[in-house]
Amino acid sequence: MLFDVEYNGFWHPVWGDRPAETIRCLEIARRELANVPQLVPVFGHRFLPAIAGQWGHPVLSIVQTDAIYYGLDLSDYLRHEFLGRPSDLASAHATVPFWNYLLGDSGGPPDSAAVEPSDRYAVSPGQAVEQLRMLALERLSGRPVDPEKLIEAALVALVLDIDSESLPLLGGLTRAEIDRAEDLFDRVSNELGIVPTVATDDGDV
């Protein structure tokens with residue numbers, strides 16, 4: 001979030017007028033963010049607001065200052081993310097004003113009341129490696145692969161204790177560094193020995 005304050009012009013209206021000096025902007029943002037209820041990481045970049053003694057908060061998917069709803073509450077999120085069930089988010093509403101502002105104060109996703117589940121996450125190390133291998137095959141076949149999918153697959157592999165020198169680098173990329181994803185993914189593929197090969201017309205591999 002501080003990266004967006006420094007480089008992308010983000011400024012929350014309750015912080016007052018934005019100073020001209022970047023260093024002053026960061027000082028104010030740090031002070032104000034210290035008073036915002038922290039987020040509990042649930043999985044990857046999915047989060048819940050941490051408010052003691054409260055429950056039923058929506059699960060948010062947040063990358064820097066880009067935020068969307070991803071579950072009405074924790075149980076709805078788990079069914080959506082891991083069981084492949086659609087989630088009707090028309091009634092979703094952030095319970096913390098700061099996060100509500102990032103979500104557009106709309107009470108739900110901006111373009112649709114329903115969010116369809118993404119590809120299911122791997123739940124075992126073998127599945128995580130297979131997911132990485134399938135992404136490598138897609139790229140080899142010439143199909144465009146969203147760099148965010150490469151980063152997300154790396155995060156899942158890290159959670160499942162896959163060991164690769166470049167995997168934490170890929171999984172830790174920010175939005176501003178996303179152009180490095182493909183190169184790091186190729187390094188991960190080589191380190192894990194999952195670089196696919198495709199037979200040519202003359203039978204060579």
Side-chain angles (χ1 to χ4, degrees), residues 1-5 8 10-15 29-128 130-131 135 146-162 168 170-175 178:
M1 208 159 279
L2 291 174
F3 179 93
D4 279 359
V5 169
N8 297 324
F10 174 75
W11 194 251
H12 198 291
V14 302
W15 297 347
R30 284 193 183 95
R31 184 182 68 234
E32 295 291 339
L33 288 171
N35 297 320
V36 175
Q38 294 183 348
L39 295 173
V40 176
V42 177
F43 189 80
H45 48 86
R46 319 288 192 230
F47 300 90
L48 276 171
I51 304 177
Q54 296 186 17
W55 58 277
H57 300 290
V59 174
L60 310 179
S61 180
I62 301 179
V63 177
Q64 291 172 216
T65 54
D66 184 10
I68 62 171
Y69 291 99
Y70 226 79
L72 294 173
D73 53 26
L74 183 58
S75 62
D76 178 71
Y77 159 75
L78 293 172
R79 289 191 295 269
H80 171 212
E81 189 85 274
F82 297 102
L83 299 180
R85 299 178 186 174
S87 179
D88 183 1
L89 299 177
S91 59
H93 183 71
T95 47
V96 178
F98 180 85
W99 305 119
N100 205 22
Y101 172 77
L102 294 187
L103 291 152
D105 200 21
S106 60
D111 300 320
S112 172
V115 173
E116 292 301 318
S118 58
D119 295 337
R120 294 184 185 179
Y121 284 120
V123 294
S124 70
Q127 289 179 4
E130 180 63 14
Q131 186 178 52
L135 289 171
D146 186 343
E148 290 192 4
K149 288 187 68 174
L150 305 180
I151 296 170
E152 192 163 79
L155 285 169
V156 173
L158 286 169
V159 168
L160 294 170
D161 294 326
I162 300 301
L170 176 58
L173 290 179
T174 65
R175 181 155 299 176
I178 203 166

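No hydrogens, no waters, no symmetry mates; every other heavy atom, side chains included, goes into these values.
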Closest non-hydrogen atom pair between [X] and [Y], with its separation:
X	Y	answer
P41	F47	CA-CD2, 3.5 Å
A29	L2	CB-CD2, 3.7 Å
A128	L160	CB-CD1, 3.9 Å
K149	L135	O-CD1, 4.0 Å
L158	G171	CD1-CA, 4.4 Å

(Q) When you compare the side chain of N8 with that of Q64, does any pair of heavy atoms fall below 4.5 Å? (A) yes

(Q) Is any side-chain heavy atom of L60 closer than 4.5 Å to one of Y69? (A) yes

Once you round to the nearest 0.5 Å, how far does [atom1] of [X] lie from [atom2] of [Y]?
X	Y	atom1	atom2	answer
H45	I68	NE2	CD1	8.5 Å
L39	L48	CG	CG	8.5 Å
L78	R46	CG	CZ	12.0 Å
M1	H12	CE	NE2	9.0 Å
L155	L150	CG	CG	11.5 Å

Q) What orientation do W15 and F10 show, parallel under 30°, tilted 30 to 60°, or perpendicular over 60°? A) perpendicular

Q: Look at the aromatic rings of F82 and Y77 and report parallel, tilted or perpendicular, splitting at 30° and 60°.
A: perpendicular

Q. In chain order, what residues pass the side chain to side chain donor-acceptor pair (under 3.5 Å) check against D146, with sequence neighbours excluded?
A. none

Q. For V156 and F43, what are the C-alpha separation, side-chain angles and deciding distance, and is it a side chain to side chain contact (heavy atoms under 4.5 Å, CB included)?
A. CA-CA 8 Å; V156 173; F43 189 80; 3.9 Å; yes

Q. For atom CD of E130, is the number of surrounding heavy atoms from other residues, nucleotides or ligands below 6.0 Å larger than 12?
A. yes

Q: Using modelled atom types only, decide if a donor and an acceptor are shared between the side chain of D4 and the backbone of T65 within a distance under 3.5 Å.
A: yes

